[in-house]
Amino acid sequence: MGLIKRVGTKGLGTPSADDSTRQIPAAESSARVTPPSEEESTRRIQGQPTDEGTKQIPPAPSRPAPPTPAAAPAAPAADIHILPTGTLLQGRYRIEEPIGVGGMSVVYRGRDMRFKDVARYCAIKEMSQTAPDSHTRALNLKNFEREAGLLATLQHPAIPKVYDFFEEDRRLYLVLELVPGKDLEAVLEEVGKPISEARVAKWAIQICDVLSYLHKHTPEPIVFRDMKPSNVMVVGEDRIVLIDFGIARNLNRSDRKGTMIGTEGYSPPEQYRGVAEPQGDLYALGATMHHLLTNTDPRLETPFTFQERPIRQISPDVSIDMEMIVVKALEYDMGARWESADAMKQALVAIIGGAAVAGVAAPPSAPAVAKGTPQTELIWKFTCEDEIRSSPAVNSGMLFVGCYDTNLYALDAVRGEFRWKYATDGGINSSPAVWQDYVIVGSEDGALYACDMRRGSLRWTFRTGKPIRSSPRIDERVVYIGSDDQHIYAVDAVRGAPIWKYRTWNPIRSSAAITSQVIFIGGDDGHVYCLDVRNGALKWKQRTQQPVRSSPVFHEGLVFVGSLDQSLYALDAEGGWPAWRFRTGHYINSSPFVFGSRVFVGGIDGFMYALEAKNGRLAWKFEVGSQITSSPRVESGRVYFGAVDGNVYCLDAGVGTLIWKYPTNAAVVSTPAIADGIVYVGSMDHSIYALKG
Amino acid sequence: MVHIHQSHNQEADTTTDAETPTPASPEAKPDTPTTVPDAAVWWDSSATDAAPAPPPPAAPVVAEEDTPTAPMSLFEIEQARQRLASVAAQVAAANDAPDSGVEASTEPLDATHQLDINQAPALIARRSSQGLAAMAVRDIGRVREMNQDSVFAMITTLPREGTDLTVGLFIVADGMGGHQGGELASRLAVRTIVHQVLSQLVLPALDDNMNAALQPLMISAVQVANQTIWEAAQSLGTDMGTTCTAALLVGHALYIAHVGDSRAYLFEPGGLRQLTSDHSTVGRLIQLGQLDPAEAREHPLRNQLYRTVGQQPQVMVDFVYQPIGVSSHLLLCSDGLWGLIDTPMLEQALKRSPWPQDTCNELIALANLAGGDDNISAVVVSLPLAER
């Protein structure tokens, strides 16, 4: 049973019988109900960091949204006793004004009246006892005494000096050097954008320096335990002073199972297991640097997600070296972090020294292309008599492709040798499909042709009323094809006899996706149709804003399809309603392709997109700079597609970086086919290419 | 009606086809009056052997079954259905002479005939331990004086051109904040989300005007709830908030929007799987392998959430899309349940009764027996059989 109860728990309370929502009487006699020890619960969002230490009062109430929830109704603030200005303590320290209120202390700006002729100011930290129970009070007191004792023994320019320590009116006071300046949180707020790498490095080096001093403290190392921007003051010319040693403590190695102390967002994972080692301070410093370099507050992000927000993605100007230093500091595993503050400092010093050189000399990521291109090998090329818009199909060592010269070509896939061709009465836009030993393709002459795969002899034809630009899709002996005559046909693959047809109100240029029950196909009327495979009955149709020429794909209950309304849709396969849609900058003619958990699609806007199939989130996009109507194919972690700039592209499917590109002499709108590691694709330069990368 | 007849014809024809090895010959004219086909016809895997279509895996034992209405497994039904579909296509092809031109029906067919007549005998005989039903129950527990949880369950059908669609909406919200704030927040969350789904999905679907995308719809529903609660909290001067796990079932897929540490589980054949992740620092550390789940049960910060609905002006909402496949149940619950009952016990309870109501009551009883130190809520959904 937990120590912590939620907000709103009123206490034990016996189960009230009249509560209508109560379903089952708890008849058991067990009275061992745990008392809710802390009424005000931890179960609230920590918009306001509940640090134990001093929090500088913000100079102006201009904070952004986050901390408001706790701030508005902040009950505790009212309870904290604040000394009025002019109060004299010990007959010597005059209270000027409060400058910070923390979880259990108030810090005042004070004036030491012993120096009568000069205004000598100091910081006076007062222990505020708000805890209701004596145990907590005693604990607070102990902490306070420890801080005083500890600080008094330390001597470092980045640690405030202790002047005095006394008790008055049952309150405890610590008189410290007044550090005139702003904390890093305030600095960041003022700047309002990521802070420059050089400046952050300068601060971080000094912080490493003081952490190193603390960690080397004898007899036992001191772990600061609460490194974060608001605990670091910047004085004058970027000099650093650590404030708030409220929770730093002598590292007592037997006391591992302590309670979590620190600030969520900055504290290392092991601190949640009660472990506090010097490496924890390095993690928190890494978190602090990440915050400063990116201006993203870790307290407002999902905890432990620094890796998901790489620094250079947010602030591209930051050097790789700097990012690596922070990444290493932020390792979850203590052993994988910098082994000491000194080691981290040295790495930082190296950057500052080499910054000028590195910044100018090394704009990386160019070599990928340079080394990629020569590796792409042309295995063969076969030239036809007109443009190739059709996409090749490879089957049983043969390649089939349609050409605008009216022929359906059959080539040897390995050597690119001509096997046969079949002449139709029109150009061929449609891409051939192979089923058993039939090759089936549509033609501008309006007919669907089925040829013998080996010899190229005609098996049957099926005539529609207008050109066929859709490509046949075959399943269970049925060919599904759309025609410009506005119909979707199901045709017997063996005999070419019609089984059913479905009428729409515009040409069908999209090709079908087939499941065991239904087909999905797009229409120029802007609809995506879902038809029963058995009889062509309409299950649903879903409207997009513009014609759908992209061909749908079905994957795990979703139908992916592009529309000329510039969106890629994921439609619920059963209802047809969009599950999500992703808007691009121009038409989508390209047909999506699903591989693994991602859907890939090319856009007329010149980008190849990789989206998470389940939610449409962009994984990456790659800019080609010219229209992509070719559809991507993914194999062995690589994405292949053509573009109107005449290149065939090969990208890394995981991250979307270019592996190679191969130039042809005209636009590539054909979709590649991949077999045995060879990429086959047609080009408008009349040739079909077999490439190996 | 016409369509039904057609399929009978095709059915009858299958047998003839099986006997005549040359399917091209159009001699077998199916003018015999149709009756509901004998189940044996489509039981018999040999019926399709003559066709070159994909050979179905042989099921000889089944073929010998003499009662046509013997219970079938889902798998068998599906197999039989697929066999039929391909046979029907072939037969239809055989009926039309290759050169008879395009005479296929061009009239829009009515696809609302949802079940193939050939499945009827099996469907009549089938008795399932699962089928779409839902129950939502919340209980105050044994320690609290107020129930700050809210639950919601709704199942409906919505019209579509051919097939009407089953849609369900299930919500668990676990409120927090003193002075009845928690109750108010969780209720506001449920109310807002239901309003959103009704106005943006249910009503437009009835008007055949549904163009909103489901994922943004669910996410924005929770965001609107966040806004509503935030504004109410501001005006009341409280810091109330709530968790919220809302699952929309559309046919056989789930669209889940989630904030906080209430959970959605899917009961798959392999066991219960948590679909959502808890928005607590402790939960996150477990996810990263930095904290042991056993340690976490006692962790002082285990209830501390880093994301809630209503406690900040904006909220980031997790979204999960999940086809249900052959899963049997969906369970939504607050931490008053999952914090006390471990997964094997949840699984047992889900298996014990086909009735969601029984299951809900059992789960709540178990949580109370384990201490009932928090409000307990559970939404149990027995999922539709995977017929597709």
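The model shown is predicted, which means the values in this text are computed figures rather than measured ones. Each chain gets a letter, A, B and so on, in the order the sequences are listed, and its residues count up from 1.
B:Y255 is linked by a side-chain hydrogen bond (donor to acceptor under 3.5 Å, both in side chains) to A:D572, counting only residues two or more places apart in sequence or in another chain. Listed by chain and residue number, A:S597, A:R598, A:N615, A:R617, A:A619 satisfy the side chain to side chain contact (heavy atoms under 4.5 Å, CB included) test with A:E612 (two or more places apart in sequence, or in another chain).
At a 4.5 Å heavy-atom cutoff, A:L531 makes no contact with chain B through either its backbone or its side chain. Contact annotation for B:L201: only side-chain heavy atoms (C-beta onward) come within less than 4.5 Å of a heavy atom of chain A. In this structure, no portion of A:T515 lies under 4.5 Å from any heavy atom of chain B. Neither the backbone nor the side chain of B:A233 comes within contact range of chain A; no heavy atoms are under 4.5 Å apart. Interface residue A:T305: backbone and side-chain heavy atoms are both found under 4.5 Å from chain B. Proximity to chain A (any heavy atom under 4.5 Å) is restricted, for B:V167, to the side chain, taken from C-beta onward. Contact of A:W460 with chain B is not made at all, since no heavy-atom distance falls under 4.5 Å.
B:A378 approaches B:C360 most closely through the heavy-atom pair O-SG, 3.7 Å. Of all the heavy atoms in B:W230 and B:Q311, the pair that sits closest is CZ3-O, 3.5 Å. Across all non-hydrogen atoms, the minimal contact from A:P578 to B:A212 is CD-O, 3.7 Å. Pairing each heavy atom of B:D318 with each of B:R307, the nearest pair is OD1-NH1, 3.0 Å.
A cation-pi arrangement, defined by a distance under 6.0 Å to the six-membered ring centre and an angle within 45 degrees of its axis, is present between A:R459 and A:Y438.
Of the residues considered (B:Q287, B:M210, B:Q322, B:M218), B:M210 shows the highest number of contacts with chain A, using heavy-atom pairs under 4.5 Å. When each of B:L288, B:L158, B:I324, B:D292 is checked for heavy-atom pairs under 4.5 Å with chain A, B:L288 comes out on top. When A:W577, A:F304, A:W540, A:Y332 are compared by the number of non-hydrogen pairs under 4.5 Å with chain B, A:W577 comes out ahead.
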